[in-house]
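Just below is one structure, and these are the notes that go with it.
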Amino acid sequence: MSRFSIFSLARNAMSWHQNWPRQWRSPNPKPEYDVVIIGAGGHGLATAYYLAKEHGITNVAVIEKGWLGGGNTGRNTTIVRSNYLWDESGLFYENAMKLWENLSIELNYNVMFSQRGVMNLAHNLGDVRESVRRVNANNLNGIDAEWLNAEQVKEFCPIINISKDSRYPVMGATLQRRGGTARHDAVAWGYARGADEMGVDVIQNCEVQGMMIENGVVKGVRTSLGDIKAKKVAMACAGHTSVVADMAGIRLPIESHPLQALVSEPMKPVLDCVVMSNAVHVYVSQSDKGELVMGAGIDSYVGYSQRGSLHVIEDQLASAMELFPLFSRTRMMRSWGGIVDTCPDASPVIGKTPVKNLYVNAGWGTGGFKATPGAGWCYAHTIAKDEPHDLNAAFSIDRFISGALVDEHGAAGVAH
Amino acid sequence: MTEQFRTTQGSRVDRSKAINFTFNGKNYKGVEGDTLASALIANGVHLVGRSFKTHRPRGILTCGSEEPNAIIQLETGPRSEPNLRATQVELYEGLSAKSVNCWPSVNFDIAAVNAIAGRIFVAGFYYKTFMKPSSLWMTVWEPAIRRMAGLGVLPREKDPDTYDHMNEFCEVMVVGSGPAGLSAALAAGRTGARVVLCDEHPEFGGTLLNTKEIIDGKPAQEWVKTAVAELEAMDNVRLLKRANAFGYYDHNYITVHERRTDHFGPGAKPELTRQRIWHFRSKQVVLATGSHERPLVFADNDRPGTMLAAAGQTYANRYGALPGRRGVVFTNNDSAYSVAIDLVDAGMDIPTVVDLREVVDGDLPNTARKKGIEVITGSGIVATLGRKRVKGVEIATVSSDGSQVTGTKRKIDCDTILSSGGWSPAVHLFSQSIGKLRYDEEKVCFVPNVSSQNERTVGACKGSFDLQSALDEGAAAGAAAAKDTGFGKGKAPASPKALVVEEKPIKAYWVVPTDHPVGQGKRKHFVDFQHDVTAADIMLAAREGMHSVEHMKRYTTTGMATDQGKLSNVNGLAILSSQLEKAIPKVGTTTFRPPYTPVNFGALAGRGINGDLADPVRRTPMYSWHLENGATFEPVGQWQRAWYYPKAGEDMHAAVTRETAALRDGVGILDASTLGKIDIQGKDAAKFLNLIYTNAWLKLPVGMCRYGFMLKEDGMVFDDGVTSRLGENHFHMTTTTGGAAGVLDWLEEYLQTEWPDLEVYCTSVTEEWSTLSIGGPKARQLLEELAPDMDFSNENFPFMAWRDGVVAGVDARVFRISFTGDLSYEINVRNWHGLHLWKKCMELGEKYDITPYGTETMHVLRAEKGFVIVGQETDGTQTPQDLGMDWIVAKKKGDFVGRRSFIREDTARADRKQLVGLMTDNPKEVLTEGAQLTYERVNPTPAPMVGHVTSSYWSPNLDHSIAMALVKDGHNRMGQWIYAHDRGKVTKVKIVSPVFYDPKGERRDG
Amino acid sequence: MVDNFRNSIIADKAQAMINGSVSGENGVTLTEVPFLAQVNIRGNADDKKFVAGVKKVTGLKVPTDPNTYVTKGDLTVFWLGPNEWQLVGAVDAQADLIAKLREALDGLHVAIIDVSGNRTALDLSGAQARNVMKKSCRLDMDPQSFSVGQAVQTRVEKAPVLLQMLNDQPTYRMFVRPSFAEYLVDWLLDAMGEYHHSS
Amino acid sequence: MLYIKCPFCGDRDETEYHYGGEAHIARPENPDELTDAEWAEYVFMRTNTKGVHRERWVHSDGCRRWFNVARNTVTNEIVSVYKTGEKPDLPEASTSKPAPAKKTSAKKKEGA
Ligand SMILES: Cc1cc2nc3c(=O)[nH]c(=O)nc-3n(C[C@H](O)[C@H](O)[C@H](O)COP(=O)(O)OP(=O)(O)OC[C@H]3O[C@@H](n4cnc5c(N)ncnc54)[C@H](O)[C@@H]3O)c2cc1C
Ligand SMILES: NC(=O)c1ccc[n+]([C@@H]2O[C@H](COP(=O)([O-])OP(=O)(O)OC[C@H]3O[C@@H](n4cnc5c(N)ncnc54)[C@H](O)[C@@H]3O)[C@@H](O)[C@H]2O)c1
Ligand SMILES: Cc1cc2nc3c(=O)[nH]c(=O)nc-3n(C[C@H](O)[C@H](O)[C@H](O)COP(=O)(O)O)c2cc1C
Ligand SMILES: [Zn+2]
């Protein structure tokens, strides 16, 4: 693989860019692998990358029914932060954050991780209380977090309306300065390129349609391109986890829902940070190309349609206008949906399953993009060692039996 | 300035009505009926903008919403709007516009130096660089990229305009008003069905307004006129112009964005909403959305003066504006010959048509030849000359497979290039509704194949590119659609006869070669004009492994600009397909998404743009009194509750100190009307309560009340409240303010789905009652005055009892319950009596110095007593036991919702986080709510947190701060000292009972 | 008789409603009809005793067709659901009605609840009323779908209402929770603004 | 936005309803007899069907009745609406359904 840099760019420019190699191959599946990962989203690809890099396991296939990165990885609002409430989550996401901070260099792929600061607004006394609680929890966990009062909010983001007469007055916000956004596609591509280089087969347009299970042990997968044997199989298929788990006879505490996002036409920058408000269902940033990238709410019902309802967008924009009156004269350029896999406690599941050598990584719901490097890293450990890493031990399916949920509704909110 | 390029006759503009406008600071004249684009063209202005990345000069390319280049900023001040397409902006007197994304001016744009470094700026270059050192990314590179971002500028002021929404139902919705749409609307309208016809354009007629077709022997525009007149006369037909059908959603839900006033100029019609979103539920839909002409991808194909052929025809025919003096037409199909013919007729010099096909012998080419136009076959434009305007073209014969230039170059002088690469049906709405497409090899385009909803496509949208088919298919579909909704017999009315000119097949030709291999020299083949994506970029993406069309799109950003690929998508995927040597249908299209044409945020927000209309503010009957008496308010869900009532000069602290003292020493009054109230009756009512509350209800005597907890099945507390037995089979339940609606839905869910055999009816009576809580040692005295006929003695009206009576002259139900620990009564009267009772209390209570108090004081008072607030002490992870309230969990009554969860491993743990009180060493120090707790003072990071402060107040009655907290193993740690952390500050605190005040409950009875 | 202790929660909106109304042929008016007697009845329409009992008191058979109401004199019975009805009568009629209903339905599984204060009523009337409703409600308001004799529980924008088509003027009567009344009035007045100017 | 026919009131927009999750998960009669895992099955585990999904809705802003909807979760086509207590056999959804993956293991019974 050729290294990417300004020098290689200049060199290639001389030859009219004719000599760039493929960033990843399109291999045919081998009959057998040590590990088959189902789903080439950010999580699946990162898992493959760390399996190879950290654990030396390179006889790995990532099987993707569509195009790599085309699931939620390719349709999310790219907010990255680690300021979760509970220790289990805070430490998990902080580990991911640390990986983000070095990811471009690690992958030799500019994922444009932009630490422009993420603000979560508080609109009532309950929000304020919960925000302060979270800031304190973060600080004690070594995660950067600040509480801003309304005036400080305005200072940090001058276009926000903090009028007390507003329908949703801003009473303050938490701020994580290290939070920000990343270029979602580049994350998938960078991991794919990195994994491919170490020998991982990323097999696209190949759907897993069944599992081979003998005596409670997984032996491989049945795919649209034929059967593939595997010593271990790892699910990383987000919204489709229940469908794939069902092939192994496993039921999960997961429901899939449509979640929408939209972009405006590109404009000169007016918003240089990320603003989220769970109470009024607004989360928005402005990309380096100038579009406002906004997440809308989740549709209430189970859905696999990658589409959502307009009224969700209309309600959300009405709220957004109150916070950002100047958005009125811009235009929505495109809207789309993803299928998010939600868990009852708004926390993910990463760990072993009742079927031996079959692993699950799911339940990321509206917020798993930020976890991508960390989830891949922990999941790779779990698969390689057949036991969870300390950082993801709390996120086993068993917690639904024991009752040890990690309830992040407050911090996870509607979507982000 | 005069309009040098305005023709003298024909066209739909009114040359007698001049309109003054300015563009980039210069004054111009246009005429009525012009768009900004046509007026600029009439004035010979072609350079209207700069491209996104490399800031190359850009000219007007199209005449509709598909325009990628002519993007402008309209007006200045609060009504300024970024990124409008000049091709859609209707001219009005005084219009002022300027180019976007160029500095200092469109003529001299400094960022155009980008183009010089352009050899490095290929697709995806930014993924390959700017990585090291990482410190520079945030400080240098990203800010630099960001400075280049965006097209127009948002006004900073609040939008002075208004927007609204309309909800409509119809039998047949027709989108697009070309010949196909008009025929469909006529056929459906004549059946009497409710029909809607909408079109983005300011006039109905579609392409018939642009061309010179003949219908029934007369100019087609006469047919349009009669058709529109007939439709206008039908009561059952709604006609919407300037109306972009932007979304086709599930269940035949179509959304339309209508621009109602923009064409009058900003602020000209203040009484009208500026724009409107229509929500249509249509039983049947006819899509007659026409097609988009595709540009040919040839070397230097983005110089100003390059235009789509049909757009040039439209400017001449419809607007009387010639695209130039001398033009070369470049095509791979017959339709462009009618352009050449019309332009010659309009007075333009069209010396040549360059046709990529080797054999060209159709009727239209032959007519063109007869007009003296040279037709050069098997050839292409291989280079263009000029910089800010085309000066000429170089043409040569090219190989039929597109691989190379085969002949010698010949130069033709011209100022305009009119290119046509064929037509792409506008299948956007069809695809949004999940219709499946098929690739038509002969027509060289994707056409609708399988519908997924009640919808039909007709005319050019279906790939039927001739006028007669459009008319016939429209009529048939209109009639059939109406019939499917129960109107008419389904027989299409005979359609008028179009003059049909046979067209010969198009030849697919995706990239026209030039004198160097594509991408390996200075000439660029643009595919996405706004985003500067070239054929070479797409080829590079393919080489780098971006084989999916979706990867190619994202890597190169093809189709991601404001036109959403209306012109570029098919060319892009075709180039990818040839690069991969894969058939076009195997490569496929990217996903079509709403909106068809971008829609203003303000319009989508509708009247909700005014926040108070976006979300109701709910008010109690006493709200006006609170407001007049200086209350501050606290939002609780949609409700506004009085928070505290500061007197002159008081801050919250002072007000709350005064209010709490009043209640403990005298009498206080609180508006508690927002509590949820549910009437529950039926012979199984008590049994039902037993199932949904944790405690026992069968034996509660009539006349008495009881406090209860509700759990979700996971065993965690989700609502609480006092429920009173009104009769043997009749209860009155109260819920938290925020929980009211959810609790009722939830009760009904269990009743209707789990226990349908229980005879119980639940009905919301939340707002039947206004609720006033009157508490304090003097409450009884006041009550006795208010209700002289009632007996308030402890014996006859004990704690946790209720009585009916007349209070202040009106019927009331009085509950003796207390959330403060002091003697307290909750008086419920009809909603409409609430204000009266409140005022009466204030009047009679004056001598006791009655003090209204708000939610803040209520919180302090209840915290002094250790009473929990669901949502403050709880966050969905607490059992009643965690809250120290085992007593509320019945051990013997059997099952209730959530009970089974208690014995799970984690829930049964003895050292869960439990509710306790906290006392600071320093009595004056008030902890911060949300402070985190640790057992040890000094901690490593991450620190082992053992809980947090849920409530914390200054307690004037105790002259000491108090706090409640959830602490791991707290119940076993009474008396221990632990540490509270709030943003760096550490406070030592002692674990105590959460009941701080009157632990024996001696104040309860007054 | 209206006792003078009563206050409508939107009393202070009265002038705004007058100002916001548009007179004339093409107009639209908004008025409050406060304090109507309202009684919620739950019961089993298949039970003849129940039907007869209600009929005895009101002279009306409880409607079983969805989204309808029946009227006799001052009394209207609305269908709210398969086992739920709302009786609306003249101001102050509720006490008497409730007493009689309780007596007539004694022993049956019913609930008879005074909800006179639980909602107030707004009348939107005039030639433009239908357009105002179309701006506000996601139901088909055209006459072939919603006509006199029909009433639905639905939402007018974000306010839950019982919406009655009272007459062909058309007049729409909206029974709305008092806490939402001010919002609803503001919403409707805002929607009426357009007709105010263009008459 | 879905357009759902309440079995009592008729066609109404989605905004009048609340979604109530998967239908036909009966509450266990004797929770005490269940293992923790069986209880978790009832409280948390869901079929999350891709294809025709039977689910509960309540007509919150209308008649307040709970009822069932069988809806194709891919196309949103509503295959059937029926009252609580009923469970009709259903015709297949008419529009495109993704091929449900072949099952190699017996599917578990719903509920506990
Ligand atoms: C609109 C929206 C906004 C969001 N905003 C944010 C945000 O701001 N911040 C944040 O942190 N998170 C956000 N999220 C969530 C985030 O996108 C996801 O949690 C995360 O991307 C999940 O990554 P993944 O790799 O697990 O899943 P995916 O990227 O969805 O990958 C799963 C892959 O599995 C494949 N697959 C499924 N079934 C099969 C099969 N049978 N065979 C083969 N392959 C299969 C799929 O095709 C898919 O490519 C958002 C999500 C959405 C939809
Ligand atoms: N010679 C050729 O090859 C060729 C090719 C294409 C079209 N044509 C001609 O074009 C005509 C086709 O007639 P037609 O009626 O099918 O199409 P049309 O192009 O005449 O009309 C389509 C109309 O729909 C409008 N529209 C499209 N999408 C819309 C949306 N989402 N919302 C609102 N409006 C929308 C367009 O603005 C346009 O006015 C015929 O006269 C045919 O001869 C010829
Ligand atoms: C962060 C982000 C930014 C995006 N910006 C744009 C954009 O500028 N232009 C555009 O057309 N689409 C943009 N998209 C949307 C994509 O085109 C696409 O709709 C999305 O990835 C979902 O894929 P699909 O629509 O192909 O299903 C963006 C998507 C994301 C996640
Ligand atoms: Zn209903």
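Because the structure is predicted, anything quoted here is derived from the model rather than measured. In the text below, chain A, chain B and the rest are named by the order of the sequence lines, each starting its count at 1.
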Examine whether an atom of B:L84 lies under 4.5 Å from a heavy atom of chain A, and if so say whether it belongs to the side chain, the backbone or both; otherwise answer neither. both
Toward chain A, the part of B:A536 with a non-hydrogen atom under 4.5 Å: neither
At a heavy-atom distance under 4.5 Å, which candidate from B:R543, B:K158, B:R274, B:E81 has the highest pair count against chain A? B:R543
Please report the shortest heavy-atom distance between A:K268 and B:R147, naming the atom on each side. NZ-O, 4.4 Å
Given the options A:E322, A:E265, A:H311, A:E291, which has more heavy-atom pairs under 4.5 Å with chain B than any of the others? A:E265
Which residue out of B:W643, B:F130, B:Y555 racks up the most heavy-atom pairs below 4.5 Å with chain A? B:Y555
Less than 4.0 angstrom from a charged side-chain N to a carboxylate O is my criterion; do A:R399 and B:D906 meet it? no
Heavy-atom pair of closest approach, residues B:F125 and A:L9: O-CD1, 3.8 Å
Heaviest contributor of heavy-atom pairs below 4.5 Å to chain A, chosen from B:Q564, B:H279, B:R156, B:K132, is B:Q564
Can you tell which of A:L292, A:D288, A:L317 has the highest number of heavy-atom pairs within less than 4.5 Å of chain B? A:D288
Using heavy-atom distances under 4.5 Å, tell me whether B:T950 contacts chain A through its side chain, its backbone, both, or neither. backbone
Measure B:I145 against the heavy atoms of chain A and call it side chain, backbone, both or neither at under 4.5 Å. both
Counting only non-hydrogen atoms closer than 4.5 Å, does A:F7 touch chain B with its backbone (N, CA, C, O), its side chain (CB onward), both, or neither? neither
Heavy-atom pair count under 4.5 Å with chain A, highest-scoring of B:A614, B:P82, B:P78: B:P82
Proximal component of B:E634, with respect to chain A [non-hydrogen, under 4.5 Å]: side chain
Kindly indicate whether the side chain of B:P517, heavy atoms from C-beta on, has any atom under 4.5 Å from the side chain of A:W16. no
Side chain from CB out, backbone as N, CA, C, O: work out which of these in B:L613 comes under 4.5 Å of a heavy atom of chain A, or both, or neither. neither
If you count heavy-atom pairs within less than 4.5 Å of chain A, which of B:E905, B:R909, B:R912 leads? B:E905
Turns out that what part of A:S287 lies under 4.5 Å from chain B's heavy atoms comes down to backbone
Kindly indicate whether the side chain of B:N83, heavy atoms from C-beta on, has any atom under 4.5 Å from the side chain of A:R331. yes
Go through B:H165 and A:E314 one step at a time and tell me if the side-chain contact (heavy atoms from CB on, under 4.5 Å) criterion holds. CA-CA 10 Å; B:H165 293 176; A:E314 288 178 341; 3.6 Å; yes
Locate the shortest heavy-atom distance separating B:D615 from A:R167; write the atom from each residue and the value. O-NE, 2.8 Å
Given side-chain contact (heavy atoms from CB on, under 4.5 Å), test B:M131 with A:F4 step by step and report yes or no. CA-CA 9 Å; B:M131 286 173 278; A:F4 288 162; 4.1 Å; yes
Chain A contact via B:H948 - side chain, backbone, both or neither, heavy atoms under 4.5 Å: side chain
Minimum-distance pair of heavy atoms, taken over all atoms of A:Q115 and B:M138: N-SD, 3.3 Å
Highest number of heavy-atom pairs under 4.5 Å with chain B: which of A:V132, A:V111, A:N19? A:V132
Where B:A149 and A:G290 come nearest, the two heavy atoms and their spacing: CB-N, 3.7 Å
Would you sort out whether B:R983 and A:E146 count as a side-chain contact (heavy atoms from CB on, under 4.5 Å), showing the intermediate values? CA-CA 8 Å; B:R983 286 159 283 173; A:E146 291 162 54; over 6 Å; no
Contact summary for B:T129 and A:N110, nearest pair of heavy atoms: O-ND2, 2.9 Å
Nearest 0.5 Å, what's the OG-CD distance between B:S134 and A:E106? 13.0 Å
Side chain, backbone, both or neither: which part of A:Q286 has a heavy atom under 4.5 Å from chain B? both
Examine whether an atom of B:S548 lies under 4.5 Å from a heavy atom of chain A, and if so say whether it belongs to the side chain, the backbone or both; otherwise answer neither. side chain
With side chains defined as the heavy atoms from C-beta onward, is the minimum distance between B:E544 and A:H17 less than 4.5 Å? no
Contact class of A:R25 relative to chain B, heavy atoms under 4.5 angstrom: neither
So do the side chains of B:R593 and A:Q306 get within less than 4.5 Å of each other, counting heavy atoms only? yes
For A:Q23 and B:Y127, does a side-chain donor sit closer than 3.5 Å to a side-chain acceptor? no
Within this structure, what is the CE-CG distance for the pair B:M945 and A:L140, rounded to the nearest 0.5 Å? 5.0 Å
Contacting region of B:Y249 [heavy-atom separation from chain A under 4.5 Å]: side chain
Quick check on A:D345 against chain B: is it the side chain, the backbone, both or neither that has a heavy atom closer than 4.5 Å? neither
Checking A:I401 against chain B: side chain, backbone, both or neither under 4.5 Å from a heavy atom? backbone
Pick one of side chain, backbone, both or neither for B:H547, based on which atoms fall under 4.5 Å of a heavy atom in chain A. side chain
Residue from B:G124, B:G876, B:G519, B:G521 scoring the most non-hydrogen pairs under 4.5 Å with chain A is B:G521
What's the verdict on side-chain contact (heavy atoms from CB on, under 4.5 Å) for A:R307 and B:D250, showing C-alpha distance, side-chain angles and the deciding distance? CA-CA 9 Å; A:R307 299 191 306 284; B:D250 292 328; 2.6 Å; yes
